[in-house]
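Here's the structure we're looking at; comments come further down.
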Amino acid sequence: MAEAPADRITDVGPPHYERFLPPIIKANYGKWKYHEILKPGIMVHVGESGDKLFTVRAASPRLISVDTIRVFADIAEKYCDGHLRFTSRNNVEFLLTEEANIEPLIADITKEGFPVGGTGSGLSNIVHTQGWVHCHSSATDASGIVKSVMDELFPYFQEKRLPAKTRIALACCLNMCGAVHCSDIAILGVHQRPPRIDDKNISKMCEIPTTISSCPTGAIRTADKDGMKTVEVSEDLCMFCANCYTVCPSMQLNDPDTDGISIWVGGKVSNAISEPKFSKLAIPFIPNNPPRWPEVVDAVKNIIEVYAANARKYERIGDWIERIGWPKFFKLTGIEFTRYHIDDFKHAGWTYKRSTHLKF
Amino acid sequence: MAEAPADRITDVGPPHYERFLPPIIKANYGKWKYHEILKPGIMVHVGESGDKLFTVRAASPRLISVDTIRVFADIAEKYCDGHLRFTSRNNVEFLLTEEANIEPLIADITKEGFPVGGTGSGLSNIVHTQGWVHCHSSATDASGIVKSVMDELFPYFQEKRLPAKTRIALACCLNMCGAVHCSDIAILGVHQRPPRIDDKNISKMCEIPTTISSCPTGAIRTADKDGMKTVEVSEDLCMFCANCYTVCPSMQLNDPDTDGISIWVGGKVSNAISEPKFSKLAIPFIPNNPPRWPEVVDAVKNIIEVYAANARKYERIGDWIERIGWPKFFKLTGIEFTRYHIDDFKHAGWTYKRSTHLKF
Amino acid sequence: MAKRDTPMLDELLKGPYPSFVKELYKVQERKPMVQDLLGQLEDSYEERIGHWKHGGIVGVMGYGGGVIGRYSDLQDKYPNVAHFHTMRVNQPAAWFYTSDILRKIADIWEKHGSGLTNMHGSTGDMVLLGTTTDELEPTFQALAKEGFDLGGSGSVLRTPSCCVGPARCEWACYDTLKLCYDFTQEYQDELHRPFFPYKFKFKFSGCPNDCVASIARSDMSIIGTWKDDIQIDQAAVAEYAKAGMDIQADVIDICPSKCMKYDGEGIEVDNHECVHCMHCINVMPKALAPGKERGATILLGAKAPIMDGALLASVLVPFIDLNDPDEVEDLHELIGNIWDFWGEHGKNRERIGELIQRVGMSTFLEAIGLEPEPEMISAPRDNPYIFFKEEEDEEEEE
Amino acid sequence: MAKRDTPMLDELLKGPYPSFVKELYKVQERKPMVQDLLGQLEDSYEERIGHWKHGGIVGVMGYGGGVIGRYSDLQDKYPNVAHFHTMRVNQPAAWFYTSDILRKIADIWEKHGSGLTNMHGSTGDMVLLGTTTDELEPTFQALAKEGFDLGGSGSVLRTPSCCVGPARCEWACYDTLKLCYDFTQEYQDELHRPFFPYKFKFKFSGCPNDCVASIARSDMSIIGTWKDDIQIDQAAVAEYAKAGMDIQADVIDICPSKCMKYDGEGIEVDNHECVHCMHCINVMPKALAPGKERGATILLGAKAPIMDGALLASVLVPFIDLNDPDEVEDLHELIGNIWDFWGEHGKNRERIGELIQRVGMSTFLEAIGLEPEPEMISAPRDNPYIFFKEEEDEEEEE
Ligand code: SRM
Ligand code: SRM
Ligand code: SRM
Ligand code: SRM
Ligand code: SF4
Ligand code: SF4
Ligand code: SF4
Ligand code: SF4
Ligand code: SF4
Ligand code: SF4
Ligand code: SF4
Ligand code: SF4
């Protein structure tokens with residue numbers, strides 16, 4: 001290994017956050033009294049001191065260029081003494097002390113293509129992953145679907161309100177980078193065919209025992225093909241999770257005709273009112289249809305609209321469905337109930353209906 | 001095989017129930033309008049016709065002699081035209097049409113040692129099993145504990161009321177004959193030591209492969225001892241379920257010093273208000289202490305009394321605990337929380353607390 | 001050996017609740033078997049251990065079940081309980097008897113057995129407790145002459161049982177006694193001749209109160225319910241109110257689906273939201289009653305914990321009209337399919353509920369020819385491990 | 001290859017929501033790498049398949065993580081994305097920046113990479129998207145000079161992240177930024193040099209709203225909470241009422257533990273029954289606030305579904321006072337014990353949550369030296385399969 005130069009810097013960790021906090025935050029740190037959402041995307045936080053910090057939240061595609069970073073910097077300098085932050089859902093937030101600056105800031109950032117919104121009981125940004133832009137493992141794209149869905153549901157990002165916060169997330173494969181497994185609506189890339197094994201290269205590229213033990217269902221076993229040491233997959237046992245592919249590139253699952261998207265509903269993370277819960281299967285499969293995935297967009301929109309029309313105030317999608325019951329969810333949304341909805345993985349028995357509490 | 005005599009009767013099934021129904025039931029069959037509990041143990045069912053059927057329910061030890069059967073027959077003849085039935089909890093019910101007969105009947109049956117009660121929001125009979133009276137598998141006796149507990153809690157069988165129906169059940173081993181796994185309070189015989197293997201006889205008495213596969217945790221494997229084909233048990237993996245003993249008598253688990261009783265709470269069967277649920281571990285182990293198992297009696301009494309003092313009307317024990325939370329249940333009852341309460345069987349993860357909904 | 005003292009057991013003669021020891025005392029004078037039982041039991045109490053053991057299979061000719069063979073491991077000390085088998089006798093539906101028949105049974109058991117019984121066993125049988133191998137066949141035939149037959153034990157259909165239902169309960173949504181009787185008769189062969197992987201139990205409850213605990217302990221649980229509106233007698237509601245019932249607190253607020261309203265005058269139910277829990281009806285039997293379109297929910301798979309943990313039964317058929325002979329016929333066909341699948345795929349000592357969990361509900365449904373319905377589940381899967389099938393994808397692609 | 005047309009991607013320039021394609025367009029003129037990215041992505045859109053592949057491990061000297069190596073499988077057609085690695089840069093706590101520092105980062109990435117970023121990745125890092133192997137080390141050192149370091153990837157501690165907390169939120173029950181920063185610094189070695197069986201994530205949320213979704217996706221989730229009474233400003237309650245809020249319907253009736261009362265004047269809370277769900281406080285931020293005895297609940301074991309199904313984190317320490325340095329020290333010790341146990345017993349690619357399920361919570365607790373508490377479970381076991389230990393029995397027998 002090459003020797004490191006003497007002045008090489010490592011293990012410094014991230015910079016201390018205090019470097020970046022605006023003075024008003026330093027002054028009121030830990031001493032905020034309350035906040036108000038003035039209108040969608042605009043909040044004020046009031047300190048015990050009486051100080052007021054205004055936040056303008058704007059949408060971001062998350063995948064942003066350095067040009068856009070500079071635009072954000074420009075705007076922050078113009079209105080916020082250079083102070084801004086990003087949120088845990090990848091929106092950008094400008095931190096102001098001058099109330100008069102709010103509207104001009106909104107005008108500027110909107111003009112640049114980053115509309116303001118995303119607070120309170122509506123839609124915020126879709127947490128998502130890499131898709132075809134960067135990941136080798138993806139069963140679908142990420143950014144393109146996010147854009148298409150948010151374009152259609154845009155009113156809910158801005159003025160239109162929902163019964164409660166509604167969090168959509170997308171992951172392009174079963175690894176589920178992000179919290180899609182606990183989202184109000186999750187859009188998840190899925191494969192439907194077992195891995196295609198590169199018999200020629202597998203023994204060079206991969207550790208066969210690791211590959212075999214990577215499979216949650218034990219579908220993989222060793223095989224010999226024309227004298228080549230390889231593996232074979234029992235089609236009956238494979239449920240297309242791609243865990244084998246993660247540990248072994250010679251087990252490719254991607255397939256243009258059978259890859260696509262599944263939709264999951266009713267998860268949540270916060271402890272507000274009810275306990276956190278997982279998203280459950282709503283639609284097992286929708287084929288990939290770029291560039292705008294209209295069937296996916298329609299499916300998500302349908303769920304949101306049925307929810308908006310039926311749920312009570314403060315009721316997250318999952319709480320609403322638990323109240324009305326899953327049979328009614330399928331009825332109201334018109335989504336077909338199939339054998340795929342019935343869990344058949346390890347703890348499946350927990351999801352059977354073990355009472356006569358039925359609605360007719 | 002010996003030849004069956006020509007007139008041998010088989011496969012007739014049980015007699016038709018109509019043979020035994022009193023005329024008033026035949027007349028009002030399926031046309032009852034309502035009922036009332038007149039006082040503990042006494043009900044009236046009123047037909048659409050206006051007919052009134054009175055029921056007097058008396059306790060039974062379930063293990064009854066033919067003498068007692070004849071006593072019941074006598075009383076039924078004296079007051080009920082010979083009509084009586086038994087309940088799903090092994091009480092005996094006398095079916096009367098003459099209201100005036102109620103009190104004399106009560107007097108007679110009480111004098112015979114079978115007190116009246118067991119209806120509504122109180123205790124009914126304890127559903128139980130064979131114990132040392134008949135079963136080879138029992139880790140404790142059944143009838144003796146039942147008698148001891150019911151003697152102590154007798155007022156709840158008669159006049160004292162509880163927030164809701166409270167069902168106690170007892171099973172003398174993990175086979176759980178009965179519905180102890182879904183009882184408000186379950187008394188369950190448990191072993192605490194692995195089977196003692198009768199190396200000499202096992203290969204004659206048992207099918208070794210069946211024995212091995214009977215173990216839920218895979219604790220049993222083949223072994224050779226002084227040339228004898230036998231099995232050995234990994235102490236770390238054994239949780240004393242006795243399933244091996246059920247299939248193989250050479251795997252004895254009974255042990256006077258380490259067998260005893262565990263107490264489980266909060267199960268229910270009915271769909272009333274909440275869905276049916278399993279009983280959960282309250283007390284992992286109490287040593288056998290015949291003839292009156294005072295520690296068991298105290299433990300059950302304590303739970304009942306804490307429940308009676310704290311639960312709301314119509315709240316079954318399990319619903320009450322779910323409302324107050326398990327930590328509070330342990331606090332109120334003074335029962336110690338131990339490592340044994342934390343599930344570590346197959347689906348254990350489901351029972352961990354996966355939220356911050358905590359009370360302090 | 002002579003009658004021994006039983007000071008420990010004698011402690012159990014005290015107290016207000018009926019005593020099983022007293023029952024033993026009642027017959028011991030004329031039954032040496034019971035004297036020895038008392039002795040052995042006193043030993044057990046002293047030593048804190050049971051004294052019964054497994055033994056060879058015993059029974060009556062042609063039957064594979066109905067008798068539990070039991071032997072003392074203190075045969076020398078207590079020779080009269082060297083054999084101490086029980087016979088399980090199929091009870092009449094809902095445990096109705098007359099004094100006549102009880103006397104006859106008492107006489108038979110006086111003659112052939114210990115004179116001790118369980119009225120009844122946990123499965124529902126009349127249990128005749130303690131006799132010798134020789135007496136099994138004579139007892140069986142004596143009972144048969146009175147119209148009784150043995151119940152189940154071993155890997156057979158076990159004795160079905162049912163709640164008192166329409167015979168004495170205003171809430172019965174179907175005729176539990178008739179169904180229980182008919183099923184028992186229909187499946188006599190399955191009851192007496194083992195050909196299942198393990199035991200199979202039917203229990204019949206007339207309404208969701210489930211007074212025979214069927215959902216907790218029967219492989220097939222048939223629980224009455226209704227489809228239309230709860231019947232309300234508003235005049236009776238008013239009477240309850242007048243009598244001092246706090247209808248809001250005791251009924252409306254407790255309704256689990258929160259689908260009831262009470263305006264001080266009458267009760268209103270949003271029946272499509274009702275989960276048929278029975279609570280309101282239980283509390284106000286004079287005012288409320290199940291609807292008129294009655295039937296049952298069929299649930300499958302309850303069992304005790306051995307070996308994968310206990311199971312409650314789960315919904316298989318959300319609603320069936322049991323007054324319609326065609327639907328009952330369909331149910332029998334379904335049961336046949338279930339038994340076939342179980343017979344073919346069930347492992348030795350694997351109950352149907354365990355098998356379903358092992359192969360997956362959707363595979364099971366396909367095999368028995370039922371369509372999946374959302375009523376069968378409490379929630380759809382939360383894991384993404386879907387076994388997509390090739391055929392169906394093609395349909396989807398069209 | 002020359003810049004190709006991208007008609008499909010161009011469709012994504014339309015519509016009101018910000019477009020990532022527009023971002024690519026912004027830099028493509030000066031970045032051939034992005035031109036090729038556009039081209040390859042258009043191919044993916046046409047063919048409905050990705051074009052990236054695994055490759056050799058790349059990184060910076062001495063670090064085992066922080067870079068994701070990526071290679072095009074259309075290298076001939078799109079040579080500029082033959083290498084297209086991402087660098088994960090550890091973000092400042094709660095994602096606060098100044099325009100200065102953003103400009104510096106932009107300049108560095110303009111020089112060394114594609115000019116594309118993710119602000120931010122799902123774990124929280126600033127993700128610099130696309131560069132070649134040669135540029136990794138120079139980029140790293142350029143960032144380091146500005147005080148930045150790489151984040152985690154592979155079997156290491158992943159970049160911790162935290163909610164905005166006390167910096168801008170009135171509900172923060174502990175200093176999320178400080179703790180996140182301190183932990184990140186404390187565990188630099190674990191972050192950069194793989195020695196775990198798999199990844200390990202910390203996330204810090206200031207209250208049970210959990211704005212960084214820590215309970216769903218961090219191996220150790222630290223969630224603020226309080227122990228004493230909810231602070232109530234009754235005057236502010238009255239103002240909400242005056243302003244038209246239906247306090248009964250919107251707050252009291254929704255409280256999951258039903259521990260609140262409102263008599264038209266003021267709000268009363270039975271604080272021992274409160275489950276700290278935040279709902280009432282969320283709805284009435286001016287009137288209600290968490291108590292003053294603040295700290296956090298520590299939960300363990302969340303993860304995505306591979307391989308045994310997803311897990312939510314579960315309670316490990318019901319309450320810890322994070323203002324007490326001793327308790328923080330104890331927490332570090334606990335973390336050390338957890339990592340030791342995991343290191344010793346964890347299988348390759350087994351997350352801590354899966355390990356706990358495999359060995360059992362009580363075994364795990366014993367190993368890390370924590371006493372079992374009822375707060376750790378939602379309910380005690382319902383199966384009777386108790387692994388009784390010999391030692392303890394003896395105690396009991398005494
Ligand atoms: C800025 C941010 C934290 C950060 O460090 O970046 C944040 C900030 C606030 N959250 Fe949050 N939350 C943020 C992500 C989250 C997340 C995580 C996520 O979405 O991935 C959650 C969990 C979501 C879930 O359960 O799936 C979250 C659940 C909440 C809740 C509970 C909502 C509920 O009904 O379950 C509240 C309370 C409320 O809104 O009344 C809340 C409340 C708030 C408040 C009002 C707190 C305050 O007093 O300042 C802040 C403004 C809320 C708003 O947007 O309306 N915040 N909040 C995050 C903004 C994300 C975004 O750009 O949209
Ligand atoms: C006689 C019997 C049926 C039989 O065929 O033998 C029966 C009869 C009645 N049951 Fe039951 N139940 C009988 C066992 C059960 C069982 C099974 C058991 O205990 O093993 C249950 C399920 C218990 C459980 O959930 O663990 C049961 C759950 C109910 C309920 C629901 C109670 C609840 O709050 O969950 C009701 C409704 C009520 O009492 O208001 C009910 C109501 C009734 C009514 C009022 C029905 C009626 O209108 O006649 C009957 C008198 C009740 C009483 O005792 O107060 N019956 N009932 C059983 C009497 C057993 C005994 O001797 O005590
Ligand atoms: C007699 C009875 C208990 C009683 O005192 O009432 C009984 C007694 C025995 N049961 Fe049971 N079971 C009895 C009802 C039950 C019930 C309750 C029910 O049927 O509603 C259950 C729970 C429900 C279920 O089926 O899961 C039950 C679950 C078991 C099990 C565990 C089965 C399982 O799948 O988990 C076993 C073990 C076995 O089958 O080897 C078992 C095994 C046994 C054996 C045969 C033990 C053996 O290996 O020899 C017991 C014989 C005892 C004896 O000395 O006579 N018994 N057994 C009940 C039958 C009487 C009757 O026919 O009416
Ligand atoms: C970049 C990022 C997605 C994004 O676009 O934001 C990402 C991308 C990858 N994740 Fe992830 N994960 C990212 C956050 C997550 C999260 C969310 C989180 O950390 O909060 C999760 C779910 C939480 C969790 O850890 O369980 C997540 C769960 C996974 C898994 C499944 C782990 C599991 O135990 O189930 C894998 C599979 C693996 O580790 O082999 C994975 C594997 C991967 C790999 C390394 C796939 C691979 O085998 O090479 C992806 C590289 C993509 C690429 O081309 O750069 N990624 N991954 C996120 C990291 C950015 C950052 O550092 O900020
Ligand atoms: S979800 Fe899958 S495809 Fe998408 S970034 Fe993560 S690992 Fe890659
Ligand atoms: S895709 Fe998943 S289930 Fe199929 S072989 Fe690979 S690891 Fe096994
Ligand atoms: S519970 Fe166990 S010991 Fe008791 S009767 Fe049933 S099998 Fe026998
Ligand atoms: S008692 Fe149970 S766990 Fe122990 S060896 Fe026997 S079957 Fe296995
Ligand atoms: S189950 Fe229903 S119908 Fe049957 S006795 Fe009980 S309450 Fe009546
Ligand atoms: S039966 Fe139960 S769910 Fe239906 S209205 Fe009555 S209380 Fe409500
Ligand atoms: S988690 Fe709580 S403290 Fe942190 S930002 Fe969200 S609401 Fe505020
Ligand atoms: S925090 Fe939640 S549980 Fe506590 S009082 Fe408020 S609403 Fe009720």
Side-chain angles (χ1 to χ4, degrees), chain B residues 4 9-15 17 20-21 25 29-30 32-35 45 59 61-67 69-70 73 76-77 82 84-86 88 113-114 132 136 138 143-144 147 150-151 154 176-179 181-182 216 243 249 254 256 269-273 276 288 290-292 314, chain C residues 8 11-12 15-18 20 23 26-27 44-45 47-50 52-54 61 90 92-93 95-99 102-103 106 109-110 115-116 118-119 122 144 147 149 166-168 170 177 184-185 188 208-213 215-217 256 277-279 285-286 304 306-307 310 312:
Chain B
I9 310 171
T10 72
D11 293 87
V12 292
Y17 51 93
F20 308 121
L21 299 180
I25 286 189
Y29 197 88
W32 298 103
K33 200 165 150 51
Y34 68 88
H35 77 280
H45 284 79
R62 189 180 85 127
L63 195 177
I64 57 179
S65 62
V66 292
D67 302 50
I69 291 180
R70 289 179 187 123
E77 273 163 19
L84 76 171
R85 69 180 290 268
F86 294 84
S88 63
F114 305 98
W132 295 333
H136 62 118
S138 45
S143 315
K147 164 80 173 136
M150 285 308 285
D151 276 345
F154 187 63
M176 292 201 188
C177 301
H181 56 294
C182 294
N243 202 40
N254 300 351
V269 162
S270 86
N271 288 277
I273 306 178
N288 274 324
R292 283 205 157 259
Y314 299 119
Chain C
M8 291 188 95
E11 283 298 313
L12 292 168
Y17 212 69
F20 73 102
E23 298 298 317
K26 284 184 185 172
V27 282
S44 287
Y45 269 56
E47 300 161 13
R48 289 171 291 136
I49 195 157
W52 301 108
K53 57 176 190 177
H54 275 282
M61 244 188 301
N90 200 327
W95 305 285
F96 278 96
Y97 294 91
T98 54
S99 50
L102 282 183
R103 287 190 205 285
W109 198 233
E110 180 85 49
L116 297 176
N118 288 145
M119 298 294 274
S122 294
D149 197 348
R168 199 200 52 196
E170 66 270 34
L177 289 80
T184 310
Q185 292 296 348
Q188 278 295 302
N209 282 331
D210 197 2
C211 294
V212 287
I215 202 168
R217 53 190 192 126
C277 85
M278 290 296 296
H279 173 68
K286 290 186 193 168
I306 306 283
M307 20 202 270
L312 284 155

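Note on naming: letters A, B, ... go to the chains in the order of the sequence lines (proteins, then strands), and numbering restarts at 1 for each one.
Using a 4.5 Å cut-off between heavy atoms, C:E11 touches chain B through backbone and side chain atoms alike. With a threshold of 4.5 angstrom between heavy atoms, B:H45 approaches chain C through side-chain atoms but not through N, CA, C or O. If you measure heavy-atom distances from B:Y29 to chain C, the contacts under 4.5 Å come from both the backbone and the side chain. For C:K26, the parts lying near chain B are the backbone and the side chain together; criterion is any non-hydrogen pair under 4.5 Å. Contacts of B:F154 with chain C are made by side-chain atoms alone, with heavy-atom separations under 4.5 Å and no backbone atom involved. At a 4.5 Å heavy-atom cutoff, the contact between C:T184 and chain B is made by side-chain atoms alone.
A side-chain donor-acceptor contact under 3.5 Å links B:H181 to the backbone of C:A216.
Of the residues B:D67, B:I64, B:V66, the one that meets the side-chain contact (heavy atoms from CB on, under 4.5 Å) test with C:E23 is B:I64.
A 4.5 Å side-chain heavy-atom check between B:S88 and C:W95 finds at least one atom pair inside the cut-off. Contact annotation: the side chain of B:M150 never approaches that of C:P16 to less than 4.5 Å [non-hydrogen atoms, C-beta and beyond]. C:P285 places a side-chain heavy atom less than 4.5 Å from the side chain of B:H35.
Interface check for chain B: of the options C:M8, C:E47, C:K286, the most heavy-atom pairs under 4.5 Å are formed by C:K286. Top candidate by heavy-atom pairs under 4.5 Å with chain C, chosen from B:V12, B:N288, B:N254, is B:V12. Of all the listed residues (C:K53, C:M278, C:E110), the one sharing the greatest number of non-hydrogen pairs under 4.5 Å with chain B is C:E110.
Partners of B:R85 according to the salt bridge (charged side-chain N to carboxylate O under 4.0 Å, His left out) rule, which considers only residues two or more places apart in sequence or in another chain, are B:E93. Among residues two or more places apart in sequence or in another chain, the salt bridge (charged side-chain N to carboxylate O under 4.0 Å, His left out) test is passed with B:K33 by none.
Within the model, atoms CD1 of B:I273 and NE2 of C:H279 stand 4.5 Å from one another, a figure rounded to the nearest 0.5 Å.
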